[in-house]
Enquirer: 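Below: one structure in structure tokens.
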Amino acid sequence: MLSNLQALIDQTQRILLLQGPIGAFFHQFADYLGRQHHKQVFKINFNGGDALFYPNDGQQAMAYTGSVDEFDAFLASFVAQHAIDSMVCFGDTRIYHRKAKALCQQQGLGFWVFEEGYFRPHYITLERDGVNDYSPEPRDSAALLSIYPSLGEPMPPKEVAPGFWPMAWQAMRYYRAMAAKRVVYPHYRHHRSSNVYWYIQAWCKSALIKRRARRTEREWVRRIEAGQMPPFFVLPLQVHMDSQVKVHSDFKSVASFLRRVLRSFAVDAPADTCLVIKHHPMDRGFIDYRHFLDKLGRHYDINQRIVYVYDIPLPVLMRHARGMVVINSTSGLSAMIHRLPVKVLGRSNYDMLRLTDQQPLDGFWQQPMPPEPAVFNAFRLYHLHKTQINGSFYGKTYFK
């Protein structure tokens, strides 16, 4: 099977990189394409943070300083002037990237998207035309099973995940450079807050919460692993600003998702079950749902059945849970490695018959249906061969 990375190399000669992940990944990727595969690589920087890690040179890398409304015309002119045949970006829901995708579709150009790995922590994702629910890859169990016999198990990935602080350090440098160069890019529109001091404060708070949770949640881990917990379902939360929530679901926020789940849990889940709600590790210092959950719990009279945790490793929870409810998080894929039933309430590329539970949420609590091992293994092997690259955006990547 031809991987997406190899397809990109085979099908392109003149590549335009748009906005990448925070850090030097796109610069490393351009070097790989140029040195090893003799591609012509161009880069557009949208703010000072982009330019910090991929400096403008006026030829191969240049600044876009116009408005969002002017970007369509600028990009069309750039593509014609430089004979671009493919564009590559990180995240396909940012406003500049949506415009780029539309132009690629109009002109028959390749549009390639990097995203966090579907199978983390040692993979990143590369897809053509879109990622997550926009992924063009098969979503039919029978089709995946027909491909499965031809796919061997890939080599085990090399460990690449650098941890939280290397990523946070790069992000602080990025947002500081964005602020310092704001006068150069006066019309830039970021997809989330760009206040570097807000991030520093939140990351420091996150470190304190993590340290405190490590102590206070130790007893929960002991009880879970000793089988002393009542039967429970696990609910991993997503980052509150995540496009997965905003674009690939009908929920307005993580809070509205919680309302939906707790209302159903209170009415339909067996009375002897608990719900373990796990905060997203990247959201620890930015938002807290404890008071919100306490209010909901009192309203539905289920406070004694809700456990809200920060730092219990998901594998500990997944090994003992009855099932998992997600919007569309890749935690659902991790759960299926443990043969844990998964109910998806948003839209996801892995939400399919025989893989995730297709019954309504109200029925899921009563009789959760686990994934069929053969179907999950087919899905896993297909994506490991096709869309996954052993690497990290914030550390080492093994391009092949």
Side-chain angles (χ1 to χ4, degrees), residues 5 8 15-36 41-57 60-64 87-94 96-97 112-118 120-127 131 157-182 184-185 188 190-200 202-204 206-207 239 241-243 280-283 285-286 330 388-399:
L5 177 59
L8 169 63
I15 303 165
L16 173 61
L17 304 182
L18 299 170
Q19 200 163 45
I22 288 173
F25 175 80
F26 260 20
H27 202 277
Q28 297 164 1
F29 185 53
D31 186 68
Y32 163 77
L33 292 173
R35 287 180 180 271
Q36 294 196 31
V41 182
F42 301 85
K43 176 72 168 71
I44 294 176
N45 290 323
F46 296 86
N47 63 54
D50 293 347
L52 171 67
F53 291 102
Y54 202 125
N56 297 318
D57 62 12
Q60 302 299 110
M62 52 209 73
Y64 176 68
M87 300 187 207
V88 181
C89 68
F90 173 74
D92 56 355
T93 62
R94 300 178 184 184
Y96 300 98
H97 297 164
W112 301 87
V113 186
F114 279 104
E115 186 55 274
E116 302 289 352
Y118 293 150
R120 301 176 194 174
H122 303 306
Y123 290 98
I124 58 177
T125 297
L126 176 64
E127 295 219 54
V131 293
K158 298 179 181 179
E159 294 194 7
V160 296
F164 172 76
W165 284 111
M167 179 178 59
W169 171 243
Q170 291 183 60
M172 283 188 279
R173 293 177 61 204
Y174 182 91
Y175 284 110
R176 188 167 55 197
M178 184 193 299
K181 297 292 184 180
R182 195 175 303 278
V184 179
Y185 303 87
Y188 173 66
H190 200 50
H191 53 285
R192 57 181 59 175
S193 173
S194 59
N195 186 327
V196 65
Y197 301 107
W198 178 66
Y199 281 102
I200 292 172
W203 287 323
C204 291
S206 176
V239 174
M241 299 178 290
D242 197 338
S243 64
H280 195 287
M282 297 303 297
D283 226 10
F286 294 87
T330 53
Q388 303 300 284
I389 301 169
N390 183 197
S392 166
F393 293 127
Y394 313 104
K396 176 71 173 175
T397 297
Y398 298 91
F399 297 116

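By convention here, the first residue in the shown sequence is residue 1. Just so it is clear, the model here is predicted, and its values are computed rather than measured.
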Enquirer: Out of Y96, Y174, F90, which one pairs with F46 under the ring-ring contact (aromatic ring centres under 6.0 Å, His included) rule?
Expert: Y96
Enquirer: Atom OG1 in T93, atom NE2 in H191: separation rounded to 0.5 Å?
Expert: 8.0 Å
Enquirer: Within the distance-only criterion (no hydrogens, no angle test), does the side chain of H97 pair as donor or acceptor with the backbone N or O of L18 below 3.5 angstrom?
Expert: no
Enquirer: Which pairs pass salt bridge (Lys or Arg N to Asp or Glu O under 4.0 Å) with one or both residues in residues 16-32, sequence neighbours excluded?
Expert: D31-R35
Enquirer: Answer yes or no: is there a donor N or O on one side and an acceptor on the other, between the side chain of N56 and the main chain of N45, under 3.5 Å?
Expert: no
Enquirer: Please report the C-alpha distance between N47 and Q19 in whole Å, then the side-chain angles of each, then the deciding distance to 0.1 Å, and finally whether the side chain to side chain contact (heavy atoms under 4.5 Å, CB included) criterion is met.
Expert: CA-CA 9 Å; N47 63 54; Q19 200 163 45; 3.3 Å; yes
Enquirer: Sequence neighbours left out, what pairs pass salt bridge (Lys or Arg N to Asp or Glu O under 4.0 Å) with at least one residue falling in residues 17-30?
Expert: none
Enquirer: How are the rings of H190 and Y188 set to each other: parallel, tilted or perpendicular (split at 30° and 60°)?
Expert: tilted
Enquirer: So Y32 and L5, side chain to side chain contact (heavy atoms under 4.5 Å, CB included) or not? Walk me through it.
Expert: CA-CA 12 Å; Y32 163 77; L5 177 59; 4.2 Å; yes
Enquirer: Determine, stepwise, if the pair Y185 / D50 fulfils side chain to side chain contact (heavy atoms under 4.5 Å, CB included).
Expert: CA-CA 11 Å; Y185 303 87; D50 293 347; over 6 Å; no
Enquirer: Using a distance-only test with no angle check, is there a side-chain donor-acceptor pair under 3.5 angstrom linking T125 and Q388?
Expert: yes
Enquirer: May I have the step-by-step check of side chain to side chain contact (heavy atoms under 4.5 Å, CB included) for W112 and M87, ending in yes or no?
Expert: CA-CA 6 Å; W112 301 87; M87 300 187 207; over 6 Å; no
Enquirer: Taking ring-ring contact (aromatic ring centres under 6.0 Å, His included) as the definition, give me every residue that meets it alongside F25, ordered by chain and number, with sequence neighbours left out.
Expert: F114, F393, F399
Enquirer: Exactly one of N390, T397, V160 should register a side chain to side chain contact (heavy atoms under 4.5 Å, CB included) with I124. Which one does?
Expert: T397
